[in-house]
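A short worksheet on the structure shown next.
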Amino acid sequence: MVVVDVIGAGFGRTGTLSLKAALELLGFGPCYHMADIVEHPRRVRQWLDVGDGRTADWDAIFRGFRSAVDFPAVSYWRELTGHYPAAKVILTVRDPDAWYESAQQTIFHHQIEPRQLWRRLVHRLVLKRVPDYAQFPLMAWTTVAARVFDGRLDDRDHCIEVFRRHNEEVRATIPAERLLVFECRQGWEPLCRFLGVPIPDVPFPHVNDRTEFARKQPWRELRLLIRGR
């Protein structure tokens, strides 16, 4: 039986990778994140099935995970919070304008074809060696861009309105005792109190700023090229 204890309902670029690291430090890991799909492209096929409406086998998707945050899971927060009714829900938030600026420079317009010659060569080799990885853009489009933002990623006002409306709907839908509205800068105290666990004797993790996001991509592709899966 698959048990997911924590569901993140906040959009990508609201501190979801920091929350993933925090949850894993607190014992609620492994925590599912878009990064897990990039690292293991075989998962792309599962989300293509979800995005195309063929099947949504949540237990198969999240088998081995105790929590889930970020896209594409958050695109299906209603379905997931219904499927795992005992899971606590964490809505990560930030200033809407800052969120859009960050998303627009990273996850919304991450280049499919890198500029540097060596990176283009690596990228093309990865697409041939790991066919599932080649389907990643389609998966992201169907489960995030089209489903959540109507494909209008360049429309700032529209995306910010979607962001605001999403946060309002989560607050209105999830009972207060089941929901934590959280900013990662708040640190351990509200998160640990909500989850009922002791505060660890380590700093709260803060990871994945925009510079780090860009820096990691070529090394991810090199690992995929070596592993071949």
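Computed from a predicted model, the values in this text were never measured in an experiment.
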For [X] and [Y], which heavy atoms make the closest approach, and how far apart are they?
{"X": "Pro198", "Y": "Cys192", "result": "O-SG, 3.7 Å"}
{"X": "Asp97", "Y": "Asp95", "result": "N-OD2, 3.1 Å"}
{"X": "Gly151", "Y": "Trp141", "result": "CA-CH2, 3.4 Å"}
{"X": "Tyr32", "Y": "Ile61", "result": "CE1-O, 3.6 Å"}
{"X": "Thr14", "Y": "Gly10", "result": "OG1-C, 3.9 Å"}
{"X": "Trp188", "Y": "Pro203", "result": "NE1-C, 3.5 Å"}

To the nearest 0.5 angstrom, please state how far the [atom1] atom of [X] sits from the [atom2] atom of [Y].
{"X": "Met34", "Y": "Phe136", "atom1": "CE", "atom2": "CZ", "answer": "4.5 Å"}
{"X": "Leu48", "Y": "Met139", "atom1": "CG", "atom2": "CE", "answer": "7.0 Å"}
{"X": "Asp57", "Y": "Gln46", "atom1": "CG", "atom2": "CD", "answer": "8.0 Å"}
{"X": "Ile37", "Y": "Arg42", "atom1": "CD1", "atom2": "CZ", "answer": "11.5 Å"}
{"X": "Gln105", "Y": "Glu101", "atom1": "CD", "atom2": "CD", "answer": "5.0 Å"}
{"X": "Cys159", "Y": "Phe11", "atom1": "SG", "atom2": "CZ", "answer": "9.0 Å"}

Tell me if a side-chain donor or acceptor on [X] pairs with a main-chain N or O of [Y] at a distance below 3.5 Å.
{"X": "Thr143", "Y": "Pro72", "answer": "no"}
{"X": "Arg13", "Y": "Ile107", "answer": "no"}
{"X": "Ser67", "Y": "Phe28", "answer": "yes"}
{"X": "His166", "Y": "Ala9", "answer": "yes"}
{"X": "Trp47", "Y": "Ala73", "answer": "no"}
{"X": "Arg147", "Y": "Gly51", "answer": "no"}
{"X": "Trp99", "Y": "Gly12", "answer": "yes"}
{"X": "Asp52", "Y": "Asp49", "answer": "no"}
{"X": "Glu24", "Y": "Cys31", "answer": "yes"}
{"X": "Asp150", "Y": "Arg152", "answer": "no"}

When you compare the side chains of Tyr100 and Asp157, does any donor N or O come within less than 3.5 Å of an acceptor on the partner?
no
Charged N-O contact under 4.0 Å between Arg78 and Glu169:
yes
Charged N-O contact under 4.0 Å between Arg164 and Glu168
no
For Arg94 and Cys184: C-alpha separation, side-chain torsions, deciding distance, then whether side chain to side chain contact (heavy atoms under 4.5 Å, CB included) applies.
CA-CA 9 Å; Arg94 69 184 295 188; Cys184 287; over 6 Å; no
Is [Y] reachable from [X] through a run of I, L, V, M, F, W or Y residues, each pair having side-chain heavy atoms under 4.5 Å apart?
{"X": "Ile160", "Y": "Val170", "value": "no"}
{"X": "Trp77", "Y": "Leu91", "value": "yes"}
{"X": "Leu195", "Y": "Phe182", "value": "yes"}
{"X": "Leu26", "Y": "Leu19", "value": "yes"}
{"X": "Val69", "Y": "Leu191", "value": "yes"}

Would you call the rings of Trp58 and Phe62 parallel, tilted or perpendicular, taking 30° and 60° as the class edges?
parallel
Would the Phe149 and Phe108 ring centres measure less than 6.0 Å apart?
yes
Indicate, with yes or no, if the rings of Phe71 and Tyr76 have centres closer together than 6.0 Å.
no
Hey, are the side chains of [X] and [Y] touching, using non-hydrogen atoms and a 4.5 Å cut-off?
{"X": "Thr92", "Y": "Thr16", "value": "yes"}
{"X": "His206", "Y": "Leu17", "value": "no"}
{"X": "Leu80", "Y": "Val4", "value": "no"}
{"X": "Arg66", "Y": "Val3", "value": "no"}
{"X": "Ile90", "Y": "Phe194", "value": "yes"}

Worked verdict on Val181 versus Arg171 for side chain to side chain contact (heavy atoms under 4.5 Å, CB included):
CA-CA 8 Å; Val181 180; Arg171 290 173 188 256; 3.4 Å; yes
Kindly check if the number of other-residue, nucleotide or ligand heavy atoms within 6.0 Å of CZ (Arg185) is above 12?
no
